[in-house]
Amino acid sequence: AIQLVGEHGYAEALPILRKALSSPRRDTVLDIVAIGSVGLIGDSSDISRLSHFMKCDSRRALAAEVAIRRINERSGVK
């Protein structure tokens with residue numbers, strides 16, 4: 001469901017995704033899917049939250065890198 005939120009552009013879900021990514025409880029799969037969805041529908045205000053995951057394991061770091069790149073591309077940042 002989280003992946004579909006991003007793929008279908010349901011920006012209304014951003015607060016829930018942001019909360020999930022800010023939670024102290026960690027679940028690798030949930031993090032990766034939420035990171036990807038934030039990359040699809042998030043904005044530049046999400047970059048600092050996503051940058052945190054660049055210091056995590058390689059799966060989260062790669063997801064965060066791609067998500068940040070997508071946000072930047074939509075914002076016109078190279």
Side-chain angles (χ1 to χ4, degrees):
I2 294 171
Q3 184 175 354
L4 292 174
V5 163
E7 289 176 356
H8 291 277
Y10 296 122
E12 308 85 34
L14 270 171
I16 296 167
L17 295 172
R18 290 171 176 148
K19 185 176 180 179
L21 293 177
S22 298
S23 170
R25 295 187 58 176
R26 299 272 50 100
D27 179 88
T28 302
V29 174
L30 176 62
D31 284 350
I32 291 169
V33 176
I35 289 167
S37 289
V38 170
L40 291 170
I41 60 177
D43 57 40
S44 60
S45 70
D46 294 303
I47 291 176
S48 65
R49 180 178 291 106
L50 294 171
S51 294
H52 163 77
F53 291 97
M54 299 291 288
K55 302 174 190 120
C56 293
D57 63 272
S58 61
R59 294 176 291 176
R60 288 180 179 101
L62 179 59
E65 179 183 335
V66 171
I68 291 169
R69 185 175 342 120
R70 285 180 172 160
I71 290 169
N72 283 332
E73 286 172 356
R74 279 197 318 278
S75 300
V77 177
K78 301 258 176 184

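Residues Arg26 and Arg60 have side chains in contact (heavy-atom distance under 4.5 Å, counting atoms from C-beta outward). Contact check for Glu7 versus Leu4: side-chain heavy atoms found under the 4.5 Å cut-off.
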- Task: Apply side-chain contact (heavy atoms from CB on, under 4.5 Å) to Ile35 and Phe53, showing your working.
- Result: CA-CA 9 Å; Ile35 289 167; Phe53 291 97; 3.7 Å; yes
- Could you walk me through whether Val5 and Leu14 pass the side-chain contact (heavy atoms from CB on, under 4.5 Å) test, one step at a time? CA-CA 9 Å; Val5 163; Leu14 270 171; over 6 Å; no
- Would you please test Ile71 and Ser75 for side-chain contact (heavy atoms from CB on, under 4.5 Å) and show each step? CA-CA 6 Å; Ile71 290 169; Ser75 300; 4.3 Å; yes
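The number of heavy atoms from other shown groups lying within 6.0 Å of CZ (Arg59) does not exceed 12.
Rounding to the nearest 0.5 Å gives a distance of 9.5 Å between CG of Asp31 and CD1 of Ile2. Between the CD atom of Glu65 and the OG atom of Ser58 there is a distance of 11.5 Å, given to the nearest 0.5 Å. Residue Leu50 holds its CG atom at 9.5 Å from OG of Ser45, rounded to the nearest 0.5 Å. Atom OG of Ser23 is separated from atom CG of Leu30 by 8.5 Å, given to the nearest 0.5 angstrom. With rounding to the nearest 0.5 angstrom, the OG atom of Ser48 is 9.0 Å from the CD1 atom of Ile68. Note: Asn72 CG to Arg70 CZ = 12.5 Å, rounded to the nearest 0.5 Å.
Heavy atoms only, all atoms of each residue included: Gly6 and Ile41 are closest at O-CG2, 3.7 Å. Across every non-hydrogen atom of Ala64 and Met54, the tightest pair is CB-SD, 3.7 Å. Heavy-atom minimum distance, Cys56 versus Ala61: O-CB, 4.1 Å.
By the rule that hydrophobic residues join a cluster once side-chain heavy atoms approach within less than 4.5 Å of another member, Ile47 and Ile32 end up as members of separate clusters. Side-chain heavy atoms closer than 4.5 Å link hydrophobic residues (I, L, V, M, F, W, Y) into clusters, and following such links, possibly through other members, connects Leu40 to Val29. The hydrophobic clustering, which links ILVMFWY residues whose side-chain heavy atoms are closer than 4.5 Å, places Val66 and Val33 apart.
Checked for salt-bridge contact, Asp43 and Arg18 meet the test: a charged N lies under 4.0 Å from a carboxylate O. A salt bridge does not link Glu73 to Arg69: none of the charged nitrogens lies less than 4.0 Å from a carboxylate oxygen.
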